[in-house]
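Here it is: the structure, laid out below.
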Amino acid sequence: MLNEEKVKLMTRMAMYEEKQGKEDFKISAYYKKDYSSFQTIITILWVTVGYAIAVGVGAVAFADLLLEKLNMAFIVMLVFCIGAGYIALLFLYGIVAYQFYQKKHTDARTRVKKYNHDLARLNRMYEREEAR
């Protein structure tokens, strides 16, 4: 005879494995600091690529204006503004990404712990059933 509680538990666990479980298991395999640091570095690299593309597109779009005002003071000011914007953007993205990935790890770890608890509960149900 089927145990309704066991079926519900197994269904919930199977749904979790299919939806969030795959990613959660990968995330929770890392220590929180390692995961958030690694993901922050990847984010910073992609921000750098995006910023370089944006500066390149801006340089091409305003090439005629840049060539008109071409002198040493303008070049120094432009390089300083581009560098300051890059540093500010990196700092902002670094802090936000680190906090985001720490929370993501914490949430994934919590869900994996709940899954492991359900797995242990299911195991106890099977052991009780075998003892009968």
- Salt bridge present between K103 and D107 (N-O < 4.0 angstrom): yes
- Task: Apply ring-ring contact (aromatic ring centres under 6.0 Å, His included) to F100 and list each qualifying residue two or more places apart in sequence or on a separate chain.
- Result: none
- Does K104 count as lying over the ring of Y35, i.e. NZ or CZ under 6.0 Å from the six-ring centre, within 45 degrees of the axis? no
- Counting distance only, does the side-chain N/O of H105 pair as donor-acceptor with the main-chain N or O of D34 below 3.5 Å? no
- Item | Point-to-point distance, once rounded to the nearest 0.5 Å, from CG of N116 to CZ of R121 | 14.5 Å
- Do I27 and V112 belong to the same hydrophobic cluster, where Ile, Leu, Val, Met, Phe, Trp and Tyr are linked whenever their side-chain heavy atoms lie under 4.5 Å apart, directly or via other members? no
Below 3.5 Å, can you tabulate the donor-acceptor pairs from side chains in residues 87-95 to any protein atom, sequence neighbours excluded?
none

- Message: Suppose we call two aromatic rings close when their centres sit under 6.0 Å apart. Are Y101 and F38 close by that rule?
- Response: no
Which donor-acceptor pairs under 3.5 Å do the side chains of residues 69-84 make with protein atoms, sequence neighbours left out?
unit_1, atom_1, unit_2, atom_2, d
N71, OD1, A73, N, 3.4
N71, OD1, F74, N, 2.8

Mind listing the side-chain donor-acceptor pairs of residues 9-16 below 3.5 Å, one per line with the distance, residues two or more places apart or on another chain?
unit_1, atom_1, unit_2, atom_2, d
T11, OG1, V7, O, 2.7
R12, NE, D118, OD2, 3.4
R12, NH2, D118, OD1, 3.3
R12, NH2, D118, OD2, 3.2
Y16, OH, D24, OD2, 2.8

- Task: Could you name each residue pair satisfying salt bridge (charged side-chain N to carboxylate O under 4.0 Å, His left out) that touches residues 79-102, not counting sequence neighbours?
- Result: none
- Give the C-alpha distance, both sets of side-chain angles, the deciding distance and a yes or no for side-chain contact (heavy atoms from CB on, under 4.5 Å) between Q20 and F25. CA-CA 9 Å; Q20 295 174 317; F25 293 141; over 6 Å; no
- Is atom NZ of K113 surrounded by more than 12 heavy atoms (other residues, nucleotides or ligands) closer than 6.0 Å? no
- Task: Starting at NZ of K32, measure out to OG1 of T106 and round the result to the nearest 0.5 Å.
- Result: 3.0 Å
- Message: Working to the nearest 0.5 angstrom, can you tell me the gap between N3 CG and Y126 OH?
- Response: 9.5 Å
- Task: Only pairs at least two apart or in different chains count here, so list each side-chain hydrogen bond (donor to acceptor under 3.5 Å, both in side chains) that has a residue in residues 37-48.
- Result: T48-Y86
- Distance (rounded to the nearest 0.5 Å) between S36 OG and Q102 CD: 4.5 Å
- Task: Inspect the surroundings of OH in Y98 and state if more than 12 heavy atoms from other residues, nucleotides or ligands are less than 6.0 Å away.
- Result: yes
- Task: List the steps, then state whether side-chain contact (heavy atoms from CB on, under 4.5 Å) holds for K22 with E17.
- Result: CA-CA 6 Å; K22 294 175 185 175; E17 286 175 5; over 6 Å; no
